[in-house]
Amino acid sequence: MDADDYEPTSPWWLSGTPLEAEHHRLMRRRSVPIPWAASTAATLQPAERARLAGTWMRRAEAEYLAVSTFSVLAIDLTAARAPADVLSLCLRAGIDEVRHAELCVRMAEIYSGDKQLPPPSMSSLPDDPDRPKLHQALANTMLVSCVSETYATTVLTATRDLTTDPTAHAVLTAIYSDEVMHARLGWSYLRYAIDTGDGGVIDAAAQMLPRALRGVANVVERERPVGEVTPAVRTHGLMTPAEERVIFSTCVREVLVPGFEALGIPVGTAIDDYGDAWARAA
Amino acid sequence: MMHRGVSSTIWRTVVMAGAMLSAQACGGSANKPAPVTPAPAPEATTEKPADPAPPAAEPAAVPVEAAEPAAAANPCGGPEADKPALDVQASDKPAAKPAKKKKRPRGSGDKPVGRGFVLA
């Protein structure tokens with residue numbers, strides 16, 4: 001299978017206008033061929049398919065929300081006159097998220113048979129017009145990219161490792177390969193801001209860190225779609241809430257805290273806040 | 001359960017590659033460019049700029065996908081420079097109340113939210 005095998009991912013979500021051709025050009029530009037016909041969904045029980053449809057639809061909603069997350073972040077970065085490469089990659093991330101939302105909608109359709117769309121939604125980021133633009137851009141980049149996207153890459157990797165269904169594995173791989181750059185964007189901008197900004201940059205980063213970690217933990221802690229995570233369900237790209245807690249805790253301890261410390265950003269009680277006790281509280 | 005190598009992979013591919021390596025190491029520019037002073041904002045003027053010289057020749061053909069859809073930029077009129085009269089009229093009016101500080105477009109919820117996070 002090669003890139004020429006591209007097919008519209010979720011044609012029921014398109015406008016029916018000539019824009020579709022240009023949309024396909026954009027999507028094909030970073031397309032990873034997905035073996036849609038190789039899905040083993042038919043071997044699952046109805047309850048298992050329903051559980052997976054619920055999860056993939058939730059993922060579609062999250063990816064759709066991320067389109068506006070990066071759009072709003074781009075406003076902050078533009079206001080702070082971020083470097084051109086940071087701006088272009090941030091805006092490209094929004095396009096990546098459109099592709100991810102389509103992939104997840106298609107996965108939900110595979111398990112449910114329903115051609116659904118994600119509900120309308122728009123992201124919101126902290127907004128304080130009185131603070132320096134650089135500090136706001138930096139703080140929101142930490143939230144969106146350094147913490148949220150870095151955790152996303154971690155949980156995607158772990159989820160993909162237990163996925164054997166070829167279609168789900170390919171979709172998770174496609175999303176993961178983009179998320180790595182979305183996360184790297186934040187760490188690069190953080191480094192740039194520290195190197196070029198004033199002394200307040202470190203303080204702004206340190207103030208955002210506990211909020212950002214709590215914000216991601218809120219999502220890890222929330223309830224999941226109804227249905228058991230059976231061994232068969234796990235092979236289609238799904239893990240339990242308890243496993244996700246361990247992954248977040250490990251990510252904080254082994255990736256995020258060492259990264260922020262290496263850049264001279266105080267991390268406070270982050271490791272204790274999301275240590276073993278938190279990980280086992282599910 | 002989480003594979004032992006996941007953290008080190010993410011550390012290497014995300015944190016190290018993003019914050020610890022130089023652009024040169026990743027195939028980027030070798031030297032950091034000197035800071036560039038941004039151009040000052042143009043001063044407001046009511047003078048109409050001189051008409052641009054007519055093009056010497058027809059522009060070369062541009063591939064459709066690379067061409068800038070000029071009409072899409074402002075399909076209802078010309079560039080901003082064509083509107084000095086409106087600016088003059090506006091300046092004759094009494095000073096308006098100071099603009100209210102507007103919040104930029106945001107989601108409707110009361111808590112900041114994005115993919116993967118909900119702030120308290």
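A, B, ... follow the sequence lines: proteins, then strands. Residue 1 opens every chain.
Looking at A:L190, neither its backbone nor its side chain comes within 4.5 Å of chain B, counting heavy atoms on both sides. Proximity to chain B is limited to the side chain of A:T69, based on heavy atoms less than 4.5 angstrom apart. Interface remark: A:F260 contributes no atoms to any contact with chain B (heavy atom separation under 4.5 Å). Contacts between A:A152 and chain B at a heavy-atom distance below 4.5 Å are absent for every atom of the residue. In this structure, chain B has a heavy atom under 4.5 Å from the side chain of A:R191, while its backbone stays farther away. Residue contact with chain B, scored on non-hydrogen atoms closer than 4.5 Å, is absent for A:E61.
Tested against A:T159 for a side-chain contact (heavy atoms from CB on, under 4.5 Å), the candidates A:T157, A:L156, A:T163 yield a single pass: A:T163.
Inter-residue side-chain proximity for A:T154 and B:V14 is flagged as unmet; no heavy-atom pair is nearer than 4.5 Å. Contact check for A:R280 versus A:R245: no side-chain heavy atoms found under the 4.5 Å cut-off.
Using the six-membered ring where Trp is involved, A:Y274 and A:W278 have ring planes that are perpendicular, over 60° apart on the 30 and 60° scheme.
No other option in A:S121, A:S68, A:P258 has as many heavy-atom pairs under 4.5 Å with chain B as A:P258. Between chain B and the options A:H182, A:R214, A:R211, heavy-atom pairs under 4.5 Å are most frequent for A:R211. Of the residues considered (A:L263, A:V180, A:L143, A:L73), A:L143 shows the highest number of contacts with chain B, using heavy-atom pairs under 4.5 Å.
Cation-pi geometry between A:R59 and A:W56 is satisfied (NZ or CZ under 6.0 Å from the ring centre, within 45° of the ring normal).
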Discussion item. For A:E102 and A:R99: C-alpha separation, side-chain torsions, deciding distance, then whether salt bridge (Lys or Arg N to Asp or Glu O under 4.0 Å) applies.
Written reply: CA-CA 5 Å; A:E102 281 202 275; A:R99 183 169 57 254; over 6 Å; no

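Checked by atom type and distance alone, the side chain of A:Q136 pairs as donor or acceptor with a backbone atom of A:D128 at under 3.5 Å.
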